[in-house]
Amino acid sequence: MASERYNAREAESKWQQVWEERGTFLSRTDSARPKYYVLEMFPYPSGRIHIGHTRNYTMGDVVARYKRARGFDVLHPMGWDAFGLPAENAAMQNRVHPAQWTYANIATMRAQLKLMGLSIDWSRELATCDPAYYKHQQRMFLDFLVAGLVDRKQSKVNWDPVDQTVLANEQVIDGRGWRSGAVVEQRELTQWFLRITDEAQDLLEAIDGLERWPEKVRLMQRNWIGRSEGLLVRFPLAPATAPPGARELEVYTTRPDTLFGAKFMALAPDHPLAAAAARANPDLAEFIAGCRRVGTSVAVIETAEKRGFDTGIRAVHPFDPTWTLPVYVANFVLMNYGTGAIFGCPAHDQRDLDFVNAYGLGNIPVVCPPGVDPASFRITDVAYDGDGGMINSRFLDGMTVAQAKEEVARRLESTDLDGRPQGRRQINYKLRDWGISRQRYWGCPIPVVHCEACGVVPVPDADLPVVLPEDVTFDRPGNPLDWHPTWKHVRCPSCGGPARRETDTMDTFVDSSWYFVRYTDPHNEAAPTTRAAADYWMPVDQYIGGIEHAILHLLYSRFFMRAMRETGHVGLKEPFAGLFTQGMVVHETYRTRDGAWIAPDEVKFLDGAGGRQAIVTATGEPIEIGPVEKMSKSKRNTVSPDDIVVSYGADTARWFMLSDSPPDRDVIWTEEGVQRVFAFVQRLWRLVGELNAIGPPPGEAGLPNAFSPPALAVRKAVHGTIVKVEENIERLHFNVVIARIRELANVLSAAIGALESDEVPADLRFAFREAADTLVLLYAPFMPHLAEECWAALGHASLACETPWPQADRALVVDDVITLPVQVNGRKRGDLVIDRNADNAAIEAAVLALEPVRRAMEGRPAKRIIVVPRRIVNIVA
RNA sequence: GCGGGCGUGGCGGAACUGGUAGACGCGCUGGACUCAAAAUCCAGUUCUGGUGACACAGAGUGUCGGUUCGACUCCGACCGCCCGCACCA
């Protein structure tokens, strides 16, 4: 056995077939064992499985296999996030129907995934574009509608006037449509919304309970929800300057304390008052139109140079009728936050300061930082947004920021303006309602009918699903559902008169907001969920996916659970008990002199003076080795999982992707690295063979009564490794697990090398056999095929993946004698070997007697000796 | 612009809640095996000084400063890179 090479390709397909035939990974939902639901974010069927996907799924698979070995009922499913824009783009480019393109991709990608040996319950596979899936989504939408969780209101979209279509932000490049090149306009459309803002407070508070989520994601979600406590303030307009009918301007501010630092007011370009002012001012109208051509992306709007236009309107300061402020329209004020209007206090807000500096309006500091002289405190180009004492603020002077906020709120609440208080406290959220309308074909149809007589009428249950028509073409601009000759024309379910189907489809984030619940019983035709199954499996114990989903997908899913709970489809609010965000797989880039990107498998490396050099294998043309970057088709720095599996096997790929880099960081794919892992696979195979050749302990004798030092050393290493592997798998520190397993392999190799004869004593044979079995089971979650092959070679009739996890003997992990590092003034000078239970007095005496310590002390007395039990000793001299 | 994160040898990284910085691996150097190469095995490998070789000394976790007996870890400022910003998924 030891002389043969391990044939990964043969072994992998063999064991995959065995698992499949035995139904090893089908989940059970009825046992008395504890459940564990591990899930990786499902892929979009883009065409090919990417190596980054396989890293993600391997992480989940390690957890799934480990938890199974620990005695859990494990649910580990897979499916497809199958609706979306790329299918329609493909339809336009290649004249292939989105469904055909999507299902072909799914078939390819499923086959690719199966090569990886993932322990997935494929009987639960689902695709969101399947009417059997979206039927239930439509039903829940209607349930939400009845429950008051759905709204219809206006919102802005990017409109491409040439393609006659709505553009995603990513399709707007420098204010132009990516395909047509036409200047993008903003348009108001009536759209469907889910009322996520109703849950803002609960979504915020519940973040505290998500203990197994990364702190950074929790912070991002808190900031996204963006709760703030502030004041609505109504500014009267100077009548002579106001457009007809306009009497006041209401702003929302979190800094009412800075009212005496106000220098201007600013309106969002689509604020009603801006529109009113523009009616009499063509230049202003042109300015507003210019702002709209930027598109709807907040990132673009806020990074654009700050520009404003004076409307000529003047607002009256709430505390001084003689003080008026100019009202601008400004490109950085957002209509959908607060009231769409602000007062600008340049000294204490950077955006406002940039604005006044551009328009020469000046600033008045009103908050003075502690310890700074108010008389000399000036603001030039950095705003001060910290705490301090109020200055230049009349009756607020001398107060703290908090006191001033309170005082302003109190005064304005009790000031009457046109029969209502001038100020009102308000809690505001940055979070906006979730617009789910998409003017696209390849998505879940929104199941309502518009009737002129009855208004919006839900499609009756019996008529669900509303299925997408198949006979559509993409050769003309606009939404194919709108163009379809018959699809949208229906009878009103209520009055029977002529009516029109809703042609908007749902945002694909809706599809991905509940798929994880559907997995718990994916074949229930009658309802979205089966409560018993959902209650058993939910929540997901460990969810794994990319950090790019830290906000939207996860927040929408959290909201959707609440909505499903209110409508009786589930019994819980939080879908994901544990969350892990994994890093990407990245690769070097290669370019020729003329800038052409070269794929890794077309590159050959040369050793030579001046470091690494590369050429194009086929032509010998020299290549510039570029930076390591995210794998992308455009830069051609991708590697295909299939190629890796064919060359080295899935186990090698799995091990490599989890070794070296911590799982939440990027891992750099290198050919050399993969080759070295392949060598390690072979080494493990040989090592297990060598251990096997030493033979089992004689007879069926149990645990020997005593172990010689070499046997004890082997056992300590084995049991110590079990503990460390457990700890680090639980923490998902797979790279550390791998290091510990390699260490164990190194110890065992050395122990075999130290054998002096073929006659190995019984206690050592026992230790080696135990080591071989344990080693295989420890790496089995990572390299499951090799593990089965080794497990069988060791003479086991069972499957490694069905064998319980090895039990560590804790007594073997604790040493009686320990080594304490000894520092003098914080610098390590020696080691103290001492009894584990030695008391401080004994340690202090022993430490001072150490030769290196005495040398470092140079005859000085010890001022203090700090003994940290079982960790370290530090002498202060 | 706003929000979040990351930064440790030539390289990827390890270091539990502040306690031996550099585990494990890649690469490199030397050696064994071989006609030779590959593979494999053994040894070494943070930097600087020092030594024939040891010993030993000093510096060191992006930069600068602080807290502490002790800082990769905590605090403040700065630099660089990455992610998200609501119609990509």
Side-chain angles (χ1 to χ4, degrees), chain A residues 5 41 43-44 46 81 83-86 155 157-158 166-172 191 214-217 219-220 222-224 226 296-306 332 336 350-351 354 430-440 507-509 512 546-553 555-556 581 583-584 611-612 630 659-662 664-668 670 672-673 675-677 679-680 682-683 686 727-728 731 733 735-736 738-743 746 749 753 819-831 852 855 863-866 868 871-877:
Chain A
R5 274 172 82 76
M41 292 178 186
Y44 179 78
S46 56
D81 189 10
F83 273 137
L85 215 41
S155 88
V157 295
N158 301 308
V166 174
L167 297 177
N169 283 332
E170 69 157 16
Q171 296 174 327
V172 179
Q191 312 222 58
E215 194 49 48
K216 61 179 171 184
V217 175
L219 239 184
M220 282 192 258
R222 283 193 191 101
N223 290 335
W224 186 261
T296 59
S297 160
V298 173
V300 171
I301 291 168
E302 293 199 342
T303 43
E305 193 193 340
K306 288 177 186 50
F332 61 94
N336 44 26
Q350 192 61 47
R351 284 175 303 181
D354 293 344
K430 270 194 221 136
L431 182 67
R432 310 201 299 253
D433 273 333
W434 175 12
I436 61 161
S437 283
R438 298 290 181 272
Q439 293 68 41
R440 308 197 190 289
D507 178 10
T508 57
F509 272 125
S512 57
I547 185 71
E548 65 274 18
H549 294 295
I551 297 173
L552 291 180
H553 163 57
L555 195 61
Y556 290 150
T581 57
M584 293 181 301
R612 263 171 98 234
K630 177 176 178 172
S659 59
D660 291 0
S661 286
D664 51 349
R665 277 205 233 161
D666 295 346
V667 65
I668 303 174
T670 63
E672 308 86 75
Q675 281 169 4
R676 298 314 301 172
V677 170
F680 181 67
Q682 296 297 341
R683 188 183 149 205
R686 282 195 309 275
E727 284 171 1
N728 286 294
R731 294 165 58 206
H733 289 195
N735 56 324
V736 182
I738 283 176
R740 299 291 89 87
I741 291 175
R742 293 190 92 123
E743 272 173 337
N746 291 346
S749 293
T819 303
L820 282 180
V822 182
Q823 298 179 329
V824 177
N825 293 332
R827 170 164 279 278
K828 192 196 164 190
R829 295 296 173 177
D831 288 302
R855 209 175 330 117
K863 284 188 200 139
R864 211 177 136 190
I865 301 178
I866 295 144
V868 184
R871 291 214 143 246
I872 202 166
V873 183
N874 190 17
I875 303 165
V876 185

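A close approach under 4.0 Å does not occur between any side-chain nitrogen or oxygen of A:Asn169 and OP1 or OP2 of B:rC87. Residue A:Thr508 places at least one side-chain N or O under 4.0 Å from the OP1 or OP2 atom of B:rA89. Taking side-chain N and O atoms only, A:Asn746 has a distance below 4.0 Å to OP1 or OP2 of B:rG25. OP1 or OP2 of B:rA86 has not a single side-chain nitrogen or oxygen of A:Arg432 nearer than 4.0 Å. In this model, the phosphate group of B:rA59 is approached by a side-chain N or O of A:Arg827 to a distance below 4.0 Å at OP1 or OP2.
Contacts of A:Arg683 with the nucleic acid, taken as non-hydrogen atoms under 4.0 Å apart, involve only primed sugar atoms and P, OP1 or OP2. As judged by a 4.0 angstrom heavy-atom cut-off over every strand, A:Asn223 is placed among residues touching the sugar-phosphate backbone only. In this structure, A:Lys216 reaches the sugar-phosphate backbone alone: every heavy-atom distance under 4.0 Å involves primed, P, OP1 or OP2 atoms, never a base. If you check every strand for non-hydrogen atoms under 4.0 Å, A:Ser437 touches a base. No contact: A:Pro43 has no heavy atom under 4.0 Å from any strand. Nucleic acid contact for A:Phe680: none, since no nucleic acid atom lies under 4.0 Å from a heavy atom of the residue. A:Ala550 comes within contact range of no nucleotide atom at all, as no heavy-atom separation falls under 4.0 Å. Here A:Arg829 lies in heavy-atom contact (under 4.0 Å) with sugar-phosphate atoms only. Residue A:Leu431 is in base contact, counting any heavy-atom pair closer than 4.0 Å across all strands shown. Using a 4.0 Å heavy-atom criterion, one finds that A:Gly673 contacts no nucleic acid atom at all. Among the protein residues, A:Ala679 comes within range of the sugar-phosphate backbone only, with heavy atoms under 4.0 Å from sugar or phosphate atoms but none that close to a base. Nucleic acid contact for A:Gly435: sugar-phosphate only, since backbone atoms but no base atoms lie under 4.0 Å from a heavy atom of the residue.
Distances were taken from every side-chain heavy atom of A:Arg676 (C-beta onward) to each of B:rC85, B:rC83, B:rU40; the shortest belongs to B:rU40. Checked against B:rG3, B:rA86, B:rC6, the side chain of A:Tyr556 finds its nearest nucleotide in B:rA86. Set against B:rC87, B:rA57, B:rC85, the side chain of A:Arg855 has B:rA57 as its closest nucleotide. Candidate nucleotides B:rU20, B:rC24, B:rA86 were compared by shortest atom distance to the side chain of A:Asp831, and B:rU20 ranks first. Of the candidates B:rG7, B:rA15, B:rA86, the closest approach to any side-chain atom of A:His733 belongs to B:rA15. Between B:rU40, B:rG4, B:rG13, one nucleotide has an atom nearer to the side chain of A:Asn735 than all others, and that is B:rG13. Taking the side chain of A:Val876 as heavy atoms from C-beta on, and the options B:rC69, B:rC24, B:rA86, the nearest nucleotide is B:rC69. You'll find that the side chain of A:Glu302 is closest to B:rC2, out of B:rG19, B:rA21, B:rC2. Listed nucleotides B:rG1, B:rC88, B:rG4 differ in distance to A:Glu170; the shortest reach to its side chain belongs to B:rC88. Comparing B:rC87, B:rC88, B:rC69 by their closest approach to the side chain of A:Arg440 singles out B:rC87.
Taking the syn range as angles within 90° of 0, the glycosidic angle of B:rG31 is outside it, so the base is anti.
A:Asn874 pairs with exactly one of A:Gln823, A:Lys828, A:Arg827 by the side-chain contact (heavy atoms from CB on, under 4.5 Å) rule, that one being A:Gln823.
For A:Ile866 and B:rA71, the CD1 to P distance is 11 Å, given to the nearest whole Å. Straight-line distance from the CD atom of A:Gln675 to the P atom of B:rG12: 20 Å, rounded to whole Å. A:Met220 places its CE atom 5 Å from the C1' atom of B:rG4, with the value rounded to the nearest Å. In this entry the distance linking CH2 of A:Trp434 with C1' of B:rA86 reads 11 Å, nearest Å. In this structure, A:Arg438 atom CZ and B:rA86 atom P are separated by 11 Å, rounded to whole Å. When the P atom of B:rA86 is taken as reference, atom NZ of A:Lys430 falls 13 Å away, rounded to whole Å. In this structure, the NE2 atom of A:His549 is 17 Å from the C1' atom of B:rG5, given to the nearest Å. Spacing between atom CD of A:Gln823 and atom P of B:rG18 amounts to 16 Å, rounded to whole angstrom units.
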*What do the steps show when you test A:Glu727 against A:Arg740 for salt bridge (charged side-chain N to carboxylate O under 4.0 Å, His left out), and what is the final call?*
CA-CA 11 Å; A:Glu727 284 171 1; A:Arg740 299 291 89 87; over 6 Å; no
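Distance noted for atom P between B:rC47 and B:rU34: 34 Å (whole Å). Distance noted for atom P between B:rG65 and B:rA71: 15 Å (whole Å). Only the C1' atoms considered, B:rG62 is 22 Å distant from B:rG58, to the nearest whole Å. Atom name C1', nucleotides B:rG60 and B:rG22: the rounded distance is 11 Å, in whole Å. As rounded to the nearest Å, B:rA23 and B:rG18 have P atoms that lie 23 Å from one another. One C1' atom belongs to B:rG7, the other to B:rU73, and the distance between them is 14 Å to the nearest Å. Distance noted for atom P between B:rG27 and B:rC79: 38 Å (whole Å). When the C1' atom is compared between B:rC78 and B:rG25, the two are found 34 Å apart, to the nearest whole Å.
Where A:Ser749 and A:Ile738 each meet RNA chain B at their nearest nucleotide, the meeting point lying more 5' is that of A:Ile738. Mapping A:Arg351 and A:Ile551 onto RNA chain B by nearest heavy atom places A:Arg351 at the nucleotide closer to the 5' end.
When side chains are defined from C-beta on, A:Trp224 counts as touching A:Leu552, because their heavy atoms get closer than 4.5 Å. In this structure, A:Val824 and A:Arg855 have side chains that are not in contact, with every pair of non-hydrogen atoms separated by 4.5 Å or more.
For A:Asp660 and B:rG12, a side-chain-to-base donor-acceptor distance below 3.5 Å is present, hydrogens and geometry of angles not being considered. If you check distances only, the side chain of A:Arg665 never reaches the base of B:rC6 with a donor-acceptor pair under 3.5 Å. Within 3.5 Å, a donor on the side chain of A:Gln439 pairs with an acceptor on the base of B:rC87, or the reverse.
The 12-atom threshold is not exceeded at CD of A:Glu305, counting heavy atoms of other residues, nucleotides or ligands nearer than 6.0 Å.
The two residues A:Asn825 and A:Val876 come nearest to each other via the heavy atoms OD1-CA, 3.5 Å.
In this structure, A:Ser749 contributes its side chain and A:Asn746 its backbone to no donor-acceptor pair below 3.5 Å. A:Asn158 places no side-chain N or O within donor-acceptor distance of the main-chain N or O of A:Val166, the cut-off being under 3.5 Å. Here the side chain of A:Ser659 pairs no donor or acceptor atom with the backbone of A:Asn735 at under 3.5 angstrom. A donor-acceptor pair is defined here as one N or O able to donate and one able to accept, closer than 3.5 Å; no such pair exists between the side chain of A:Gln682 and the backbone of A:Ala679.
When Watson-Crick and G-U wobble pairs are counted only if both distances are under 3.5 Å, B:rG7 pairs with B:rC79.
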